[in-house]
Amino acid sequence: LLRGRIDGSCNLRYGASTKRLFHNIGHKVTSEDKPSWDELKDQASMWLARLDSGTASREEFEAWRSADPRHAVAFAQAAHVLQQLDRVKPAYKLREKDVKTSSRRHLLLALGGLGAAVSVGGGAYLAMGGGRAHASTQIGQKQTLSLPAGVSASLNTDSRIQWAGAKDRLDVWLRRGELLLASGVAPVRLFAADSVVTLVQGKINARLRGGLLDLTVLSGDCTVSRDSAGAEKTATISANQAVLASADQQVVRSLDQADVRFVSAWPKDELVFEGQTLGTAIAEYNRYLNQKIVIADPSLSDLRIGGRFTTRDAKPFLNALHAGFGINAVTDGEGTIALSK
């Protein structure tokens with residue numbers, strides 16, 4: 001597909017035979033100067049490589065694609081071939097590491113006008129619509145993405161984000177669920193629950209709780225302001241602090257190490273309980289389960305528990321409840337797991 005190659009750091013390397021393509025990219029096609037179909041396929045492949053490596057802007061790409069209807073067709077076909085790289089052995093000898101690490105972020109931005117969607121594994125999907133790329137996960141799944149501007153984003157179970165930006169800036173919208181966001185190159189703004197979080201360097205965990213944003217700063221610092229014109233209230237949140245924010249208020253709190261471990265365990269497919277109530281633990285587990293757990297005996301809700309468990313399978317957790325507290329787990333006729341003594 002590519003006449004050059006993309007190395008592990010997403011740097012595009014190409015030979016002399018491809019320099020002519022870069023020279024012609026963006027050239028307005030006229031009736032007297034229409035490239036052949038083979039040349040169009042070559043150009044489309046090079047656009048994939050440039051967008052994927054971050055060496056082309058969306059404006060440049062749109063100029064090329066809109067110059068001739070055949071450009072959009074050639075690009076769609078090349079993108080389809082790229083989608084198959086994860087399913088079959090590449091015809092060109094791209095290293096397995098290169099195939100896995102080459103980012104799809106700019107490709108997805110470019111596919112907006114085609115209405116395309118690409119599966120990225122783990123039940124997560126990337127797509128483009130309304131000028132913004134987006135990704136989502138299903139219940140029990142998570143996904144890590146490399147976004148523009150050197151930003152890394154990890155989506156927890158049943159989550160959805162949108163983003164738009166370039167090399168020197170990025171805007172992200174958390175629409176559902178939970179997101180771990182890390183930036184070390186350029187500022188990123190996160191819009192969630194009527195709040196705007198501005199992060200320059202550091203790592204934050206953002207979770208939507210109804211109409212509230214529950215934000216934890218794991219490293220660095222950020223500012224949180226209201227997402228409304230003329231809003232003046234802004235809070236600065238530092239590492240090991242959290243804020244519960246809405247359009248009306250911002251409640252900042254300090255975290256101990258147990259709180260930090262509780263918040264940051266999910267990227268490792270874990271839940272860490274250190275004195276949380278059984279009610280809290282069940283609410284956390286149910287986020288990852290299609291078959292929900294309910295507490296049939298209300299007296300068990302305030303029971304304090306501890307332990308490290310996997311989000312992928314609730315059986316070890318249920319077995320620990322039975323062994324430590326004599327709590328039985330019974331599945332009813334509708335698939336719900338009921339806890340009682």
Side-chain angles (χ1 to χ4, degrees), residues 103-105 108-109 117-149 151-165 170-183 188-199 202-219 222 224 227 237 242-246 259-272 280-293 309-314:
S103 167
R104 303 298 192 264
R105 60 190 182 275
L108 295 166
L109 287 172
V118 181
S119 171
V120 295
Y125 290 88
L126 299 178
M128 186 71 191
R132 298 176 185 174
H134 62 86
S136 61
T137 56
Q138 300 175 14
I139 293 176
Q141 298 164 332
K142 65 181 181 66
Q143 184 66 39
T144 298
L145 307 168
S146 294
L147 304 185
V151 175
S152 172
S154 296
L155 280 70
N156 200 0
T157 175
D158 192 23
S159 300
R160 183 173 183 269
I161 65 170
Q162 293 177 306
W163 69 88
L170 183 69
D171 288 339
V172 179
W173 291 262
L174 177 59
R175 299 304 190 188
R176 185 179 72 245
E178 187 170 17
L179 169 69
L180 181 66
L181 200 63
S183 176
V188 56
R189 292 189 302 174
L190 173 66
F191 297 84
D194 297 316
S195 296
V196 182
V197 181
T198 302
L199 175 69
K203 182 184 295 185
I204 58 176
N205 191 88
R207 177 174 172 180
L208 292 179
R209 297 181 182 271
L212 300 176
L213 169 64
D214 190 354
L215 179 78
T216 300
V217 179
L218 300 174
S219 64
C222 65
V224 182
D227 185 11
I237 316 299
V243 60
L244 197 61
S246 68
D259 295 326
V260 174
R261 286 190 290 269
F262 178 75
V263 171
S264 58
W266 69 262
K268 298 175 286 188
D269 296 320
E270 292 181 339
L271 289 173
V272 177
T280 297
I282 296 304
E284 287 297 308
Y285 241 118
N286 280 339
R287 299 172 64 203
Y288 302 88
L289 304 176
N290 288 301
Q291 188 178 23
K292 305 301 183 183
I293 304 173
F309 305 95
T310 175
T311 61
R312 295 185 177 277
D313 186 2

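These figures come from a predicted structure and were not determined experimentally. Side-chain atoms are counted along with the backbone in the values below, which use heavy atoms only and exclude waters and symmetry mates.
Every residue was checked against the side chain to side chain donor-acceptor pair (under 3.5 Å) condition with Gln291, not counting sequence neighbours, and none meets it. In this view, Tyr285 and Phe317 satisfy the ring-ring contact (aromatic ring centres under 6.0 Å, His included) rule, not counting sequence neighbours.
Between Leu181 and Ile161, every side-chain heavy-atom pair lies at or beyond the 4.5 Å cut-off. Using a 4.5 Å heavy-atom cutoff, the side chains of Cys222 and Leu215 are in contact. Residues Leu199 and Leu190 have side chains not in contact (no heavy-atom distance under 4.5 Å, counting atoms from C-beta outward).
Between the OG atom in Ser195 and the CZ atom in Arg189 there is a gap of 13.5 Å [rounded to 0.5 Å]. Remark: Gln141 CD to Arg312 CZ distance equals 9.0 Å, nearest 0.5 Å. Going from atom CZ of Arg132 over to atom NE2 of His134 covers 11.0 Å, rounded to the nearest 0.5 Å. The distance from atom OG of Ser246 to atom CG of Leu213, rounded to the nearest 0.5 Å, is 9.5 Å. Between the CD1 atom in Ile204 and the CG atom in Leu179 there is a gap of 7.0 Å [rounded to 0.5 Å].
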Show your working on side-chain contact (heavy atoms from CB on, under 4.5 Å) between Trp163 and Val151 and close with a plain yes or no.
-> CA-CA 11 Å; Trp163 69 88; Val151 175; over 6 Å; no
Under the side-chain contact (heavy atoms from CB on, under 4.5 Å) criterion, do Leu147 and Val188 qualify, and how do the steps go?
-> CA-CA 11 Å; Leu147 304 185; Val188 56; over 6 Å; no
Do Phe191 and Val196 pass the side-chain contact (heavy atoms from CB on, under 4.5 Å) test, and can you show the C-alpha distance, the side-chain angles, and the key distance before you say yes or no?
-> CA-CA 5 Å; Phe191 297 84; Val196 182; 3.6 Å; yes
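Minimum heavy-atom separation, Leu289 to Lys292: O-NZ, 2.5 Å. Residue Ala242 comes nearest to Thr216 through the heavy atom pair CB-OG1, 3.9 Å, listed as atom of the first residue, atom of the second, then distance. Across Ala206 and Leu174, no two heavy atoms sit closer than the pair O-CD2, 3.7 Å. Residues Leu170 and Ala149 share a closest heavy-atom pair of CB-CB, 4.2 Å.
Within the 3.5 Å criterion, the main-chain N or O of Asn156 finds a donor-acceptor partner in the side chain of Thr137. The backbone N or O of Leu180 sits nowhere less than 3.5 Å from a side-chain atom of Lys203 that would complete a donor-acceptor pair. Judged by distance alone, the side chain of Asp214 and the main-chain N or O of Arg207 form no donor-acceptor pair under 3.5 Å. Side-chain atoms of Thr157 come within 3.5 Å of backbone N or O of Gly140 as a donor-acceptor pair.
By the 4.0 Å N-to-carboxylate-O rule, Arg287 lies too far from Asp158 to be salt-bridged with it.
Under a cut-off of 6.0 angstrom, the local environment of CZ in Arg176 is crowded, with over 12 non-hydrogen atoms contributed by other residues, nucleotides or ligands.
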